[in-house]
Participant: 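For reference, the structure I am asking about is given below.
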Amino acid sequence: MRYELVIFDNDGVLVDSEPISNRHLAAYLTEVGHPTTYEESIRDYMGSAMHRVHELVWERSGRRLPEDFDDVFHARVFAAFERELKPVAGVEDVLAKLTAAGVPYCLASSGSHERIRVGHRVAGLERWFDDGRIFSSQDVGRGKPAPDLFLYAAEKMGVAPERCVVVEDSPLGVQAAVAAGMDVLGFTAMTPAERLQDAGQLFSRMDDLADLLV
């Protein structure tokens, strides 16, 4: 095994949530006076924590989002998850192969613990991730592209950063992993390959991931 720890991003890598959440984010931003298309939401916010949404809106407009923006947004997204969310095709096979090979893994997500848990319950991934394998930007304060979250996950799992590999599908996540001194595998199912060019290797089908890891 080339690595002692595999760190998965969550949204778009484990659960197919990015189309759902960015559709609702674009609609809600537009609703509160900040016109945003789905494509712009993907470009600007995919892979980021909610504080980045607030920061970019403030930088661009000089106006604050409503105080209850996060609560309303998450309520809408969670309701949509209940109707639509599925695991990323092939990811359970990857987790099963890692488990069988005795390779430690965890997840490090910009999303909140609640978002992660709701998504895993709906998508049927709860059995693969106990609390000790789940790390959120809530745990560190600064989300991606800062390296803090990945470094925190590695520390908690007892593995040096240089012995970790991160599986990411967003430019912000790739940037964070590189800053943490970790190797990165870029998943291009939703993100154009050129936007993940800083990853060490790229792959477009989850079925191909296990061969890159074990």
Side-chain angles (χ1 to χ4, degrees), residues 7-81 84-86 88 107-120 123 135-150 166-180 184 186-199:
I7 305 177
F8 290 94
D9 176 42
N10 186 57
D11 293 292
V13 172
L14 296 174
V15 292
D16 193 15
S17 54
E18 292 291 9
I20 300 170
S21 59
N22 281 283
R23 187 173 73 243
H24 284 275
L25 180 57
Y28 191 28
L29 284 171
T30 300
E31 181 184 320
V32 296
H34 303 278
T36 305
T37 66
Y38 170 78
E39 291 76 16
E40 289 168 341
S41 182
I42 291 285
R43 181 194 68 200
D44 294 341
Y45 304 120
M46 181 173 165
S48 66
M50 287 302 294
H51 68 77
R52 178 178 167 85
V53 179
H54 289 263
E55 290 164 3
L56 282 182
V57 168
W58 168 251
E59 288 174 11
R60 292 170 175 175
S61 70
R63 291 183 290 136
R64 301 288 185 190
L65 289 171
E67 289 188 7
D68 63 349
F69 183 88
D70 291 11
D71 291 339
V72 173
F73 170 66
H74 284 127
R76 295 181 182 185
V77 168
F78 293 168
F81 280 2
E84 305 173 45
L85 189 64
K86 292 179 171 50
V88 168
L107 74 83
S109 172
S110 293
S112 66
H113 281 283
E114 182 184 16
R115 178 188 173 112
I116 296 165
R117 279 303 185 197
V118 169
H120 283 205
F135 305 100
S136 161
S137 60
Q138 287 181 311
D139 300 326
V140 294
R142 289 198 307 168
K144 307 167 189 177
D148 306 32
L149 176 57
F150 288 133
V166 175
V167 184
E168 263 288 354
D169 71 330
S170 76
L172 292 175
V174 170
Q175 185 179 340
V178 170
V184 195
F187 185 38
T188 62
M190 266 194 66
T191 307
E194 59 268 22
R195 297 197 67 207
L196 301 180
Q197 60 185 349
D198 290 336

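Because only heavy atoms are used, hydrogens play no part in the values below, and waters and symmetry mates are left out as well, while side chains stay in. This structure is a prediction, so every number in the text was calculated from the model and none was measured.
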Participant: Looking at Lys144 and Ser109, what are the two nearest heavy atoms and their distance?
Facilitator: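 For Lys144 and Ser109, the tightest heavy-atom pair comes out as NZ-CA, 4.2 Å.
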
Participant: Could you give the distance from CG (Asp9) to CG (Leu14), rounded to the nearest 0.5 Å?
Facilitator: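 Spacing of CG (Asp9) from CG (Leu14) equals 7.5 Å.
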
Participant: Under the side chain to side chain contact (heavy atoms under 4.5 Å, CB included) rule, collect the residues that match up with Arg52, sequence neighbours excluded.
Facilitator: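 Residues passing side chain to side chain contact (heavy atoms under 4.5 Å, CB included) with Arg52: Ser48, Leu56, Leu172.
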
Participant: I'd like to check the side-chain hydrogen bond (donor to acceptor under 3.5 Å, both in side chains) partners of Arg43; sequence neighbours left out, ordered by chain and number.
Facilitator: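 If we apply the side-chain hydrogen bond (donor to acceptor under 3.5 Å, both in side chains) test to Arg43, skipping adjacent residues, there are no hits.
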
Participant: For Pro35, what residues pass the side chain to side chain contact (heavy atoms under 4.5 Å, CB included) criterion, not counting sequence neighbours?
Facilitator: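 Scan of Pro35 (side chain to side chain contact (heavy atoms under 4.5 Å, CB included), adjacent residues dropped) gives none.
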
Participant: Can you tell me how far OG1 of Thr36 sits from CD1 of Ile42, rounded to the nearest 0.5 angstrom?
Facilitator: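 So the CD1 of Ile42 and the OG1 of Thr36 are separated by 12.5 Å.
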
Participant: Measure the shortest side-chain to side-chain distance between Val15 and Asn10 over non-hydrogen atoms and say whether it is less than 4.5 angstrom.
Facilitator: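 They are in contact (side-chain heavy atoms under 4.5 Å apart), so the answer is yes.
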
Participant: Who are the side chain to side chain contact (heavy atoms under 4.5 Å, CB included) partners of His113, not counting sequence neighbours?
Facilitator: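 Ile134, Ser136, Gln138, Asp139.
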
Participant: Return the minimal non-hydrogen interatomic distance between Ile7 and Ala108, and the atom names on each side.
Facilitator: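 Minimum heavy-atom separation between Ile7 and Ala108: CG2-CB, 3.7 Å.
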
Participant: To check you understand the geometry: which heavy-atom pair defines the closest contact between Ala146 and Ala176, and what is its length?
Facilitator: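 Heavy atoms only, the tightest pair is O-CB, 3.4 Å.
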
Participant: Between Thr191 (side chain) and Asp169 (backbone), is there a donor-acceptor pair under 3.5 Å?
Facilitator: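 Yes, the answer is positive, given that a donor and an acceptor are paired below the 3.5 Å cut-off.
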
Participant: Do Met50 and Ser137 have side chains that approach each other closer than 4.5 Å (heavy atoms only, starting at C-beta)?
Facilitator: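 Of all side-chain heavy-atom pairs linking Ser137 with Met50, none is under 4.5 Å.
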
Participant: How far apart are the closest heavy atoms of Ala180 and Phe150, and which atoms are they?
Facilitator: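 For Ala180 and Phe150, the tightest heavy-atom pair comes out as CB-CB, 4.1 Å.
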
Participant: Any side-chain heavy-atom pair from Leu29 and Leu65 closer than 4.5 angstrom?
Facilitator: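 Of all side-chain heavy-atom pairs linking Leu65 with Leu29, at least one is under 4.5 Å.
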
Participant: Are the side chains of Val178 and Val184 in touch, meaning some heavy atoms are under 4.5 Å apart?
Facilitator: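 A side-chain contact under 4.5 Å exists here.
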
Participant: Who pairs with Tyr45 by ring pair (Phe, Tyr, Trp, His ring centres under 6.0 Å), at least two apart in sequence or on another chain?
Facilitator: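 Result, ring pair (Phe, Tyr, Trp, His ring centres under 6.0 Å) vs Tyr45: none returned.
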
Participant: In chain order, what residues pass the side-chain hydrogen bond (donor to acceptor under 3.5 Å, both in side chains) check against Gln197, with sequence neighbours excluded?
Facilitator: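 Partners of Gln197 under the side-chain hydrogen bond (donor to acceptor under 3.5 Å, both in side chains) test: none.
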
Participant: Does any non-hydrogen side-chain atom of Phe73 lie less than 4.5 Å from one of Val53?
Facilitator: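 They are not in contact (no side-chain heavy atoms under 4.5 Å apart), so the answer is no.
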
Participant: Side chain to side chain donor-acceptor pair (under 3.5 Å): which pairs involve residues 12-28, sequence neighbours left out?
Facilitator: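 Only Asp11-Ser17, Glu18-Asn22, Ser21-Arg115, Asn22-Ser41, Arg23-Glu84 qualify under side chain to side chain donor-acceptor pair (under 3.5 Å).
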
Participant: Show the numbers, then the answer: is there a side chain to side chain contact (heavy atoms under 4.5 Å, CB included) between Val72 and Glu31?
Facilitator: CA-CA 12 Å; Val72 173; Glu31 181 184 320; over 6 Å; no

Participant: Output all residues satisfying ring pair (Phe, Tyr, Trp, His ring centres under 6.0 Å) with Phe78, sequence neighbours left out; order by chain, then residue number.
Facilitator: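 Residues passing ring pair (Phe, Tyr, Trp, His ring centres under 6.0 Å) with Phe78: His74.
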
Participant: Could you tell me which residues satisfy side-chain hydrogen bond (donor to acceptor under 3.5 Å, both in side chains) with Ser170, sequence neighbours excluded, listed by chain and number?
Facilitator: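 Checked Ser170 against side-chain hydrogen bond (donor to acceptor under 3.5 Å, both in side chains); matches are Glu168.
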
Participant: According to ring pair (Phe, Tyr, Trp, His ring centres under 6.0 Å), who are the partners of Phe8, at least two apart in sequence or on a separate chain?
Facilitator: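 Not a single residue meets the ring pair (Phe, Tyr, Trp, His ring centres under 6.0 Å) criterion with Phe8.
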
Participant: Tell me, please, which residues at least two apart from Thr37 pass side chain to side chain contact (heavy atoms under 4.5 Å, CB included).
Facilitator: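 By the side chain to side chain contact (heavy atoms under 4.5 Å, CB included) rule, Thr37 matches Glu39, Glu40.
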
Participant: Keeping the roles fixed (side chain from Thr188, backbone from Gly186), state whether a donor-acceptor pair exists under 3.5 Å.
Facilitator: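 A pair under 3.5 Å: no.
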
Participant: Which pairs pass salt bridge (Lys or Arg N to Asp or Glu O under 4.0 Å) with one or both residues in residues 63-73, sequence neighbours excluded?
Facilitator: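 As it turns out, there is no salt bridge (Lys or Arg N to Asp or Glu O under 4.0 Å) pair with a partner in residues 63-73 once direct neighbours are skipped.
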
Participant: With rounding to the nearest 0.5 angstrom, report the CE to CG distance, Met46 to Leu25.
Facilitator: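 Here the interatomic distance stands at 13.0 Å.
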
